[in-house]
There are 2 protein chains.
Amino acid sequence: MLDQRHARRGDATEDLGKAEATRQSILAAAARVFRADGYAGARLSDIAAKVGMKAGSLYYHFDSREALVEAVMDLGLKQTHETVAKRLRALPPDVGHVRRLEVAIEAHLELVLAHEDISSATIKLIWQVPAQIRERQLADQRAYGALWRKLLTDARKAGAIRGDVDLSVVRMAIMGALNWAADWYKPGRMTPRQIARDIAAMVLGGLAGEPKNKRK
Amino acid sequence: MLDQRHARRGDATEDLGKAEATRQSILAAAARVFRADGYAGARLSDIAAKVGMKAGSLYYHFDSREALVEAVMDLGLKQTHETVAKRLRALPPDVGHVRRLEVAIEAHLELVLAHEDISSATIKLIWQVPAQIRERQLADQRAYGALWRKLLTDARKAGAIRGDVDLSVVRMAIMGALNWAADWYKPGRMTPRQIARDIAAMVLGGLAGEPKNKRK
DNA sequence: GTCTATAGTTGGATAGAC
DNA sequence: GTCTATCCAACTATAGAC
């Protein structure tokens, strides 16, 4: 039963498994190259080299350069959305609205700053890819945006956050503050968690006034 | 004295004047095209068409595509820096630190959202251009960053803002919140000034607690 | 200063061997 | 599934006419 042959097997399971594994390596390599060199600068040959193949071979797995970048971004968005949602679900039901926002901010930022991660590549790519891809991607992001919108409107309904600011503006401002970090962050001086804590403190508590103490 | 001849004049003033005017139109057109299509998507022929010339003619004014994009970005950064600085200088000397931050936030955002403006193109381009250009650009941005750093450290020294957050993180988070707007903002529902006010309210006052009243 | 024409590259995409 | 070879389109950049 434990047939060792691996060539020429009709067994679709193994073939699909192998192709799928290669596909995943390509996506990871593509994320790194696109992230580092930008959409314009990334060459298929660079991506192929990273997985030990030649440029032409990529076409067995993806229809085109654009299909590849889109697959990377789909995965990145899915990853971010699912991780943040999971983190929120894991909270006890009696957790306050402000704390929930804080958790979401931390989770999102940690994904953004994950070293060479697909999520962070996605964020950097969104404004670099051709308009058509971007439109589709932005449409998909609405679902993730809805998660944040609900977080904010629930908080407001409960009286946990101020009522004199537009929640769409606030939501985009938070996204900007977090996503921008993908560009300036260099590992070393601070951890993603520390940064998340400071941004959350600013967003939720505000800079003005407050204790003058050094960080606890 | 008022020599009307305009051809073959040795007079450097007029020649420079004309060339300079054309140069400015090209920069404005380039900003719009680069902003709309991204660094990768923008074609020299598109830019040339916008000023009513052919692609090849651009080379009389700029050495290369890269020189052109760099000139756009230099101008954009300078514009932003100078405008924000001027707005701050115009304030009465006794204005509080928090108010000064608010003014800087408003000024920066208004530039970012200026319709088809060179400043907003610059922001979008920074992570799209080749690494070498980006490095030079980021170096130039340090001077502008210094303005914000001083704004924040002065405020902290005066006890006007909380002491438990890292000011570099705060600075970059503010930049992110503001710059991101270049991407999502669509004129219509809100004015740049309203958006600036909401972001400033969040950054300075925080979302948590506060009045539940509708915007005044 | 701008045009036309074209040289020169680059890199995405395809075909067929293995 | 991957390779080699090649085609082909796109676009930057240059040369010389006007």
Side-chain angles (χ1 to χ4, degrees), chain A residues 5-27 29-30 33-34 36-72 125 128-133, chain B residues 5-27 29-30 33-34 36-72 128-130 132-133:
Chain A
R5 280 178 306 153
H6 52 281
R8 204 175 313 264
R9 283 183 65 179
D11 186 348
T13 306
E14 178 168 282
D15 287 354
L16 276 174
K18 183 165 177 226
E20 186 53 30
T22 306
R23 198 184 141 92
Q24 292 303 321
S25 330
I26 294 173
L27 284 173
V33 175
F34 277 127
D37 301 341
Y39 178 71
R43 282 164 302 191
L44 291 187
S45 52
D46 293 337
I47 295 169
K50 264 214 160 50
V51 291
M53 52 169 69
K54 296 304 172 75
S57 310
L58 292 176
Y59 285 82
Y60 178 81
H61 301 277
F62 295 93
D63 285 345
S64 67
R65 171 193 170 80
E66 303 200 346
L68 176 55
V69 81
E70 199 162 358
V72 168
L125 288 171
Q128 301 188 23
V129 294
Q132 204 177 358
I133 296 179
Chain B
R5 280 178 306 154
H6 53 279
R8 202 175 315 261
R9 284 181 65 179
D11 185 351
T13 307
E14 177 169 282
D15 287 354
L16 277 175
K18 178 157 179 235
E20 185 54 29
T22 306
R23 200 185 139 89
Q24 292 304 321
S25 330
I26 294 173
L27 284 173
V33 175
F34 277 127
D37 301 342
Y39 178 72
R43 283 165 302 188
L44 292 187
S45 53
D46 294 337
I47 295 169
K50 265 213 160 46
V51 291
M53 51 169 68
K54 296 303 171 78
S57 311
L58 293 176
Y59 286 83
Y60 178 81
H61 302 277
F62 295 92
D63 286 346
S64 66
R65 170 193 171 84
E66 302 199 346
L68 176 55
V69 82
E70 198 162 0
V72 169
Q128 300 188 25
V129 295
Q132 206 177 356
I133 296 179

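Nothing here was measured: the structure is a model prediction, and the numbers come from that model. Letters go in sequence order (proteins before strands), and every chain restarts at 1.
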Notebook entry, point to check: If only side-chain N and O atoms of B:Lys18 are considered, is one of them under 4.0 Å from the OP1 or OP2 phosphate oxygen of C:dG1?
Noted result: no
Notebook entry, point to check: Going by heavy atoms in the side chains, are B:Gln128 and B:Val69 under 4.5 Å from each other?
Noted result: no
Check: What's the CZ-C1' distance between B:Phe62 and D:dT14, to the nearest Å?
Finding: 18 Å
Margin query: Can you tell me how far apart CZ (A:Phe34) and CZ (A:Arg43) are? Round to the nearest 0.5 Å.
Written below: 12.0 Å
Checklist line | Nearest-angstrom distance from the residue atom CG of B:Leu58 to C1' of C:dC3 | finding: 12 Å
Margin query: To check you understand the geometry: which heavy-atom pair defines the closest contact between B:Lys54 and B:Ala48, and what is its length?
Written below: C-CB, 3.5 Å
Check: Taking all atoms of both residues into account, what is the closest heavy-atom pair of B:Ala29 and B:Lys50, and its distance?
Finding: CB-CB, 3.8 Å
Next item on the list: Summarise protein proximity over nucleotides 9-16 of chain C in one line of letters, 5' to 3': B for base, S for sugar-phosphate only, - for none, counting protein heavy atoms closer than 4.0 Å.
Entry: --SSBB--
Next item on the list: Kindly point out which of D:dT4, D:dT2, C:dG1 is positioned nearest to the side chain of A:Tyr60?
Entry: D:dT2
Notebook entry, point to check: Does B:Phe62 have any side chain to side chain contact (heavy atoms under 4.5 Å, CB included) partners at least two apart in sequence or in another chain, and if so, which?
Noted result: B:Arg23, B:Ile26, B:Leu27, B:Leu68, B:Ala71
Margin query: Distance check needed: D:dA13 C1' versus B:Ile47 CD1, whole Å only.
Written below: 14 Å
Item checked: Closest non-hydrogen atom pair, A:Ser64 against A:Tyr59 -> CA-CE2, 4.0 Å
Check: Given D:dG1, D:dC3, C:dT2, which nucleotide is nearest the side-chain atoms of A:Met53?
Finding: D:dC3
Margin query: Quick check for you: to the nearest 0.5 Å, what is the distance between A:Ile133 atom CD1 and A:Glu70 atom CD?
Written below: 5.0 Å
Check: Could you give the angle between the helix axes at the two ends of the helix from C:dG1-D:dC18 to C:dC18-D:dG1, with five pairs per end, rounded to 10 degrees?
Finding: 0°
Notebook entry, point to check: Closest to the A:His61 side chain: D:dG1, C:dT4, D:dT2?
Noted result: D:dT2
Next item on the list: Rounded to the nearest 0.5 Å, what's the gap from CD1 on A:Ile47 to OG on A:Ser25? Could you check?
Entry: 13.0 Å
